[in-house]
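What follows is one structure encoded as structure tokens, with my remarks underneath.
Chain letters run A, B, ... following the sequence lines, proteins first, then strands; residues in each count from 1.
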Protein chains: 2
Amino acid sequence: MKYKLLENPNIEEMYDLIEEGLRKKAMINVFCCCKVIYEGRALSQLDFGERMILLKPDGSFLIHQERKVDPVNWQPPKSRTRTFIKDNTLFLESHRRSPKERLEVEIKKTHFVNYVLVEDYQELEIAGYEKDMGDMIMKHPHMIEEGFKPTDREYSTEHGFIDILGKDKEGNLMVLELKCRKAGINAVKQIRRYLTDFKEEENSNLENTGNEKKKVRGLLVAPSIGEDARELLEEENIEFKSIDPPKELKNDKKVTLDIF
Amino acid sequence: MKYKLLENPNIEEMYDLIEEGLRKKAMINVFCCCKVIYEGRALSQLDFGERMILLKPDGSFLIHQERKVDPVNWQPPKSRTRTFIKDNTLFLESHRRSPKERLEVEIKKTHFVNYVLVEDYQELEIAGYEKDMGDMIMKHPHMIEEGFKPTDREYSTEHGFIDILGKDKEGNLMVLELKCRKAGINAVKQIRRYLTDFKEEENSNLENTGNEKKKVRGLLVAPSIGEDARELLEEENIEFKSIDPPKELKNDKKVTLDIF
DNA sequence: GTGTTGATGTCGGAC
DNA sequence: GTCCGACGTCAACAC
């Protein structure tokens, strides 16, 4: 089951659902009246009130009040969450090893609780660094290889945006994925998804037109690449080009600002 | 009604529920597959994936992925949220006036959506940071050393605010810089800047008045100090006093008792 | 409003 | 691990 939800659960139901969610590494969401105690780098307490609690599969633990972007209390990723019942009351507890920190949530009344098995393979693309790299390649396509001609930027597909689309000197389609830092396995998976799309298209074109076969080349562009990423890359017949991102424009700007 | 919840809603149902939640200033929670575009101080895009969206009555807008404490995209309090349907697709949009920022969420598939009218009158009581440390020292100056008398708090200088200014039992000026965590090299540099100011002043006073020379002592107060910081400290003849920040809540559980 | 500073900052990268 | 810098930092407070 992809998700599970309970309205006005009793303590045992709620305990079971949260335990199940934790076991399955789901996102768990609790709307309840609770009291919170935190001990660690600082010390805090928050008396009973209605809040939203969010437990993430990476161990993150967030308690949100009705205002502000930041959670009122939280624990970082890799914290360990535990549930227990004491005096007919459900508690959530989160421990962090180092620095030693503890979060304790006493739950009085729950409106509803749910967990969801989340599928999210996308990473945030933020303009700035990577954008600069794209700008540079659009301006100097020979950096990729002789005869490379970029045709599209941020080309939209069903699986997401392709950073740069172009053709090599033979006329083969090239799908470029840019990373401004060391490329990980996710970068390779990403480019693989794009390629799947294009290869399907390519095959149907072939059937229709009988043209001579053009290849679709996947090319990962990054300053370096991780070991696991390299493996998948070779397996999938994707190419890799090592290019450093253009030297920081941000710093230059900041220096200028500091001067004034 | 205190809350409302829909599983697998269709677009119109979802639109209505969110509009109702916005009108009633509720906390709104959406578990869905969505795509996010942000334009403002930076520029970002996040392709389709499953996430949790949280809209708060103060205008805050959070999009949480399955990892990290921080939301992947967000808008701050006082942003204005708008919903609209285009091409049979539901969009959430959030505008901020200044700086001009826009967040656009395209929703593909929603697992469930709910709103809750939250009642939370409590504020976080927190202890263990720099202000508490300053309070403690002002209240118990002997913690620094016998005969220490603080004279000013947040004393303004050309280079910034001195946390605590005072005099030792000999009448020498003391410049205290407080850190509630392990002090790094920056803390030492900071105190060094303040000292430079005072020593210049001291010298000009000497010339003018011919008074006997009083020293200016710099004192870094922190629970501990890093190695590089220690080096610069000794080089600059700045002193160090190890003090842990107080971790006592002011109204220690009294609030709870008062309520009953 | 603009500006400055502290924070359980968080997060990522380098050593 | 620890240290160091960047961040759409956020949020509180002063001016």
Side-chain angles (χ1 to χ4, degrees), chain A residues 36-46 58 60-63 65 67-79 94 96-103 123-129 179-182 184 223-224 226 248 250-251 253-254 257, chain B residues 36-46 58 60-63 65 67-79 94 96-103 123-134 154 156-157 159-163 177-187 189-190 224-229 245 247:
Chain A
V36 188
I37 289 169
Y38 158 76
E39 305 170 285
R41 283 168 292 177
L43 181 70
S44 79
Q45 66 178 15
L46 180 65
D58 70 347
S60 305
F61 192 128
L62 313 181
I63 300 168
Q65 285 184 303
R67 337 170 258 117
K68 304 290 144 62
V69 168
D70 287 348
V72 62
N73 281 109
W74 72 94
Q75 287 281 63
K78 294 180 184 168
S79 303
S94 173
R96 183 187 190 181
R97 276 295 166 72
S98 173
K100 197 163 164 49
E101 292 187 296
R102 198 178 78 95
L103 191 64
E123 281 179 32
L124 185 71
E125 305 280 339
I126 230 177
Y129 222 153
K179 290 288 163 203
C180 56
R181 290 187 245 100
K182 187 176 178 178
S224 63
E248 285 206 356
K250 280 175 192 167
N251 265 357
K253 246 184 196 171
K254 270 187 182 161
L257 288 171
Chain B
V36 187
I37 288 170
Y38 157 79
E39 305 171 284
R41 283 169 291 178
L43 187 70
S44 79
Q45 61 183 7
L46 179 66
D58 70 347
S60 305
F61 192 128
L62 313 181
I63 301 166
Q65 285 184 302
R67 32 197 191 90
K68 303 291 147 59
V69 168
D70 288 347
V72 62
N73 281 111
W74 72 96
Q75 287 283 64
K78 295 179 183 168
S79 302
S94 172
R96 184 187 190 182
R97 274 301 163 71
S98 171
K100 197 162 163 49
E101 292 186 297
R102 198 177 79 94
L103 192 64
E123 280 182 32
L124 186 71
E125 302 278 336
I126 194 162
Y129 46 12
E130 196 172 304
K131 187 176 173 303
D132 298 308
M133 206 159 159
E154 305 297 345
S156 182
T157 77
H159 284 112
F161 293 91
I162 292 172
D163 289 328
E177 173 64 28
L178 313 184
K179 290 289 162 201
C180 57
R181 324 236 156 295
K182 187 176 180 178
I185 192 132
N186 282 339
K189 285 182 183 170
Q190 201 171 343
S224 64
I225 183 168
E227 193 45 50
D228 50 350
K247 287 190 181 172

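- A straight line from CD of A/Q45 to P of C/dT8 spans 15 Å, rounded to a whole angstrom.
- A straight line from CD of B/E154 to P of C/dT5 spans 10 Å, rounded to a whole angstrom.
- Between the side chains of A/E101 and A/Y38, a donor-acceptor pair is found at a separation under 3.5 Å.
- B/E130 comes within 4.0 angstrom of the backbone, heavy atoms only, and of no base.
- Within the 3.5 Å criterion, the main-chain N or O of B/K68 finds a donor-acceptor partner in the side chain of A/D58.
- Contact of the A/S60 side chain with the A/Q75 side chain is not registered, since no non-hydrogen atoms from C-beta on lie closer than 4.5 Å.
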> How does each nucleotide of nucleotides 9-15 of chain D score, in 5' to 3' order, for protein heavy atoms under 4.0 Å: base (B), sugar-phosphate only (S), or none (-)?
Replying inline: SSSS---
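- Atom NZ in A/K78 sits roughly 13 Å away from atom C1' in C/dT10 (whole-Å rounding).
- Residue contacts for B/K100: at a heavy-atom cut-off of 4.0 Å it reaches no nucleic acid atom on any strand shown.
- B/S44 places none of its side-chain heavy atoms less than 4.5 Å from the side chain of B/I37.
- For D/dG8, the base has a donor-acceptor partner in the side chain of B/Q75 [N/O atoms by modelled type, under 3.5 angstrom].
- For the pair A/L62 CG and C/dT8 C1', the interatomic distance rounds to 13 Å; values are reported in whole Å.
- In this structure, B/R181 reaches the C/dG9 phosphate: one of its side-chain N or O atoms is under 4.0 Å from OP1 or OP2.
- Of the two residues near DNA chain D, A/S98 and B/S44, the one whose nearest nucleotide lies more 5' is A/S98.
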